[in-house]
**Student:** 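A single structure is presented below for examination.
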2 protein chains.
Amino acid sequence: MSSARELFIEQMGLFSQTEGAPRIAGQILGYLIVEGAPRTLTQMTQALKISKGSASTNARLLEQRGLVHRVSALGQRQDGFAAVDEPGLHTLSIMAERFRASADAIETIAVDFPDDEAAARGRVENLARFHRESAQFLDEWRARLCGRRKPAHNIYKEE
Amino acid sequence: MSSARELFIEQMGLFSQTEGAPRIAGQILGYLIVEGAPRTLTQMTQALKISKGSASTNARLLEQRGLVHRVSALGQRQDGFAAVDEPGLHTLSIMAERFRASADAIETIAVDFPDDEAAARGRVENLARFHRESAQFLDEWRARLCGRRKPAHNIYKEE
DNA sequence: CGGTACGTTCAATACAGACTGAACGAATTG
DNA sequence: CAATTCGTTCAGTCTGTATTGAACGTACCG
């Protein structure tokens, strides 16, 4: 039987997997959320039973996606990684960015449809419009959530 | 050099892949969108150069996800598959459902956190709340898009 | 009834990509 | 300056899964 923290970390790994990202990336994020304070790559390798290479690669992937930030610890040789305050907000950014990229790609293709396929072009343009509007809505909602967050209530106290 | 329709179909395959679904599923959806009218499995195998098994499996996957519907053609032995009017709306449903499932799973785990990890439990509950609200938001927005759709303007005329 | 065309299923294969472990450079330490 | 201790990178392996091709059951047809 596993502890709640282990279950949570494993669950986060599964989520990550279903979204096309590596399982370990989700596990690292879950680990950092539970810990609530910066942790080193070495700590990840021990807690998650993964290789140093995987820890480095996936931690950097999370950093690049804005879900994790690296703290250059004072007087510390090792890098510290910590989950950002609201990982969900960055998840929304990522989704919005994906929609926007899709919209761009589809629109670019749509203009090349010949005139005798005007109906098809219309359907493709319709799909592109949906993707673009989706991106915009996600951004707007993220902004709304951002504003709603109580500024004084910082969840990550320890650090 | 490829035609616009081929580029679009390939692009849809790539999108599908990045979202964890089979590439062929996206290609079929793209093909049906471009065609704008029901197509048979045999037509898919020829147009997309795929096996009959793949066509059957992936078409059924799309049907199950609500992105494609099967038309039992009159006096026709073969099944016809056609993309739904607004594939995007069903994409939103799928995303909302995923968020809801995540919220459920995370909440279930959260309650099992021991009291000496109350801070961690709070962070996990916070994540669950975000997922639940995301699901709700997506549903609301889908409903709004649904209402905005012009009823008379049916894109798929031929059939 | 054979014969054909269809959709589904499943074992076998192919393939993409996650993961590892070792090698490397850089920075620190004694 | 040797010896650690980092983080990164990369070739190689391994695992999951997409895809195939053939076999099967069914319905229609002549």
Side-chain angles (χ1 to χ4, degrees), chain A residues 9-32 38-65 67-82 94 98, chain B residues 9-32 38-65 67-82 94 98:
Chain A
I9 290 172
E10 290 164 4
Q11 190 63 256
M12 291 293 286
L14 292 180
F15 292 162
S16 181
Q17 215 165 1
T18 63
E19 295 190 359
R23 184 184 2 152
I24 290 186
Q27 290 178 349
I28 290 178
L29 181 59
Y31 171 65
L32 293 179
R39 291 292 179 259
T40 69
L41 291 181
T42 305
Q43 288 175 318
M44 297 178 197
T45 62
Q46 295 167 352
L48 306 177
K49 296 183 175 60
I50 58 178
S51 73
K52 193 167 56 161
S54 286
S56 172
T57 300
N58 288 282
R60 205 144 35 80
L61 171 67
L62 290 171
E63 184 188 21
Q64 173 192 338
R65 295 202 179 174
L67 292 166
V68 150
H69 67 275
R70 192 186 305 229
V71 303
S72 54
L74 310 81
Q76 265 290 4
R77 280 175 71 176
Q78 303 185 74
D79 293 1
F81 293 87
I94 294 167
R98 274 218 285 246
Chain B
I9 290 172
E10 290 164 5
Q11 190 64 254
M12 292 293 287
L14 292 180
F15 293 161
S16 182
Q17 215 165 2
T18 63
E19 295 192 358
R23 183 182 3 151
I24 290 186
Q27 290 178 348
I28 291 178
L29 180 59
Y31 171 65
L32 293 178
R39 292 293 179 257
T40 68
L41 291 180
T42 305
Q43 288 174 317
M44 297 179 198
T45 62
Q46 295 166 352
L48 305 178
K49 298 185 173 58
I50 57 177
S51 72
K52 193 167 56 159
S54 286
S56 171
T57 300
N58 287 284
R60 206 144 36 78
L61 172 66
L62 289 171
E63 184 188 21
Q64 173 192 340
R65 295 203 180 174
L67 291 166
V68 150
H69 67 274
R70 193 186 304 230
V71 301
S72 53
L74 310 81
Q76 265 289 5
R77 281 175 69 177
Q78 304 185 75
D79 293 0
F81 293 88
I94 295 167
R98 274 218 285 247

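Proteins come first, then strands; the chains are lettered A, B, ... in the order of their sequence lines, and each starts at number 1. Computed over heavy atoms, backbone and side chain alike; hydrogens, waters and symmetry mates excluded.
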**Student:** A:Arg77 has an atom CZ; how far is it from atom C1' of C:dA26, in whole Å?
**Tutor:**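 After rounding, the reported distance stands at 10 Å.
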**Student:** Please state how far atom CG in A:Leu41 lies from atom P in C:dA26, giving the value in whole angstrom units.
**Tutor:**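 Atom CG in A:Leu41 sits about 19 Å away from atom P in C:dA26.
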**Student:** Would you mind telling me which of C:dT8, D:dT9, C:dA27 lies closest to the side-chain atoms of A:Ser56?
**Tutor:**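 Ranking C:dT8, D:dT9, C:dA27 by closest atom to the A:Ser56 side chain puts D:dT9 first.
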**Student:** Considering only side-chain heavy atoms of B:Pro22, which listed nucleotide, C:dT20, D:dA18, D:dT8, is closest?
**Tutor:**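 Per side-chain heavy atoms of B:Pro22, the pick is D:dA18.
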**Student:** Show, in sequence, the C-alpha distance, side-chain angles and deciding distance for A:Phe81 and A:His69, and conclude whether the side chain to side chain contact (heavy atoms under 4.5 Å, CB included) test is met.
**Tutor:** CA-CA 6 Å; A:Phe81 293 87; A:His69 67 275; over 6 Å; no
**Student:** Students often get this wrong, so: under 4.0 angstrom with heavy atoms, is B:Thr57 touching a base, only sugar-phosphate, or nothing?
**Tutor:**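 Contact class for B:Thr57: base.
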**Student:** Separation of A:Asn58 atom CG from C:dT20 atom P, in whole Å?
**Tutor:**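 Spelled out: CG on A:Asn58 to P on C:dT20 is 9 Å.
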**Student:** Within the pair A:Arg70 and D:dT8, is there a side-chain N or O less than 4.0 Å away from OP1 or OP2?
**Tutor:**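 Checking D:dT8 against A:Arg70, a side-chain N or O does come within under 4.0 Å of OP1 or OP2.
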**Student:** Of all the choices, D:dT5, D:dT19, C:dT20, which nucleotide is nearest to the side chain of A:Ile24 once you look at every atom?
**Tutor:**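 Given the options D:dT5, D:dT19, C:dT20, the side chain of A:Ile24 is closest to C:dT20.
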**Student:** Could you please name the option among D:dG7, D:dT5, C:dG21 that lies closest to any side-chain atom of A:Ser51?
**Tutor:**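 When the side chain of A:Ser51 is considered, C:dG21 is the closest of D:dG7, D:dT5, C:dG21.
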**Student:** Would you call B:Ser51 and B:Thr45 a side-chain contact if the rule is heavy atoms closer than 4.5 Å?
**Tutor:**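 No, side chains not in contact.
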**Student:** Rounded to whole Å, how long is the line connecting atom NZ of B:Lys49 with atom C1' of D:dG21?
**Tutor:**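 Rounded to whole Å, this separation is 19 Å.
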**Student:** Verify the contact: side-chain N or O of B:Arg60 to OP1 or OP2 of C:dT8, cut-off strictly under 4.0 Å; return yes or no.
**Tutor:**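 So the side chain of B:Arg60 is within the cut-off, an N or O lying under 4.0 Å from OP1 or OP2 of C:dT8.
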**Student:** Expressed as a whole number of angstroms, how long is the span from A:Leu62:CG to D:dT8:P?
**Tutor:**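 It is 13 Å, rounded to the nearest whole Å.
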**Student:** Rounded to the nearest 0.5 Å, what separation is found between the CD1 atom of B:Ile24 and the CG atom of B:Leu29?
**Tutor:**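 These two atoms lie 13.5 Å from each other.
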**Student:** Quick one: A:Arg23 CZ to C:dT20 C1', roughly how many Å, whole number?
**Tutor:**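 One finds 13 Å between C1' of C:dT20 and CZ of A:Arg23, rounded.
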**Student:** Among the nucleotides D:dT20, C:dT29, C:dC6, which one has an atom lying closest to any side-chain atom of B:Ile50?
**Tutor:**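 Side chain of B:Ile50 sits closest to D:dT20.
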**Student:** Whole Å only: how far is the CD atom of A:Gln78 from the C1' atom of C:dT28?
**Tutor:**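 Computing the A:Gln78:CD to C:dT28:C1' distance gives 12 Å.
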**Student:** Which whole-number value in Å describes the distance from A:Leu14 CG to D:dG16 P?
**Tutor:**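 The answer, rounded to whole Å, is 13 Å.
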**Student:** Taking donor-acceptor contacts at under 3.5 Å, does the side chain of B:Lys52 reach the base of C:dG7?
**Tutor:**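 By the distance-only test, yes, there is a pair.
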**Student:** Within the structure provided, determine whether B:Leu14 and B:Gln11 are in side-chain contact (heavy-atom separation under 4.5 Å).
**Tutor:**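 Side chain of B:Leu14 against side chain of B:Gln11, heavy atoms only: contact under 4.5 Å found.
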**Student:** Could you go step by step and tell me if A:Tyr31 and A:Leu48 meet the side chain to side chain contact (heavy atoms under 4.5 Å, CB included) rule?
**Tutor:** CA-CA 8 Å; A:Tyr31 171 65; A:Leu48 306 177; 4.2 Å; yes
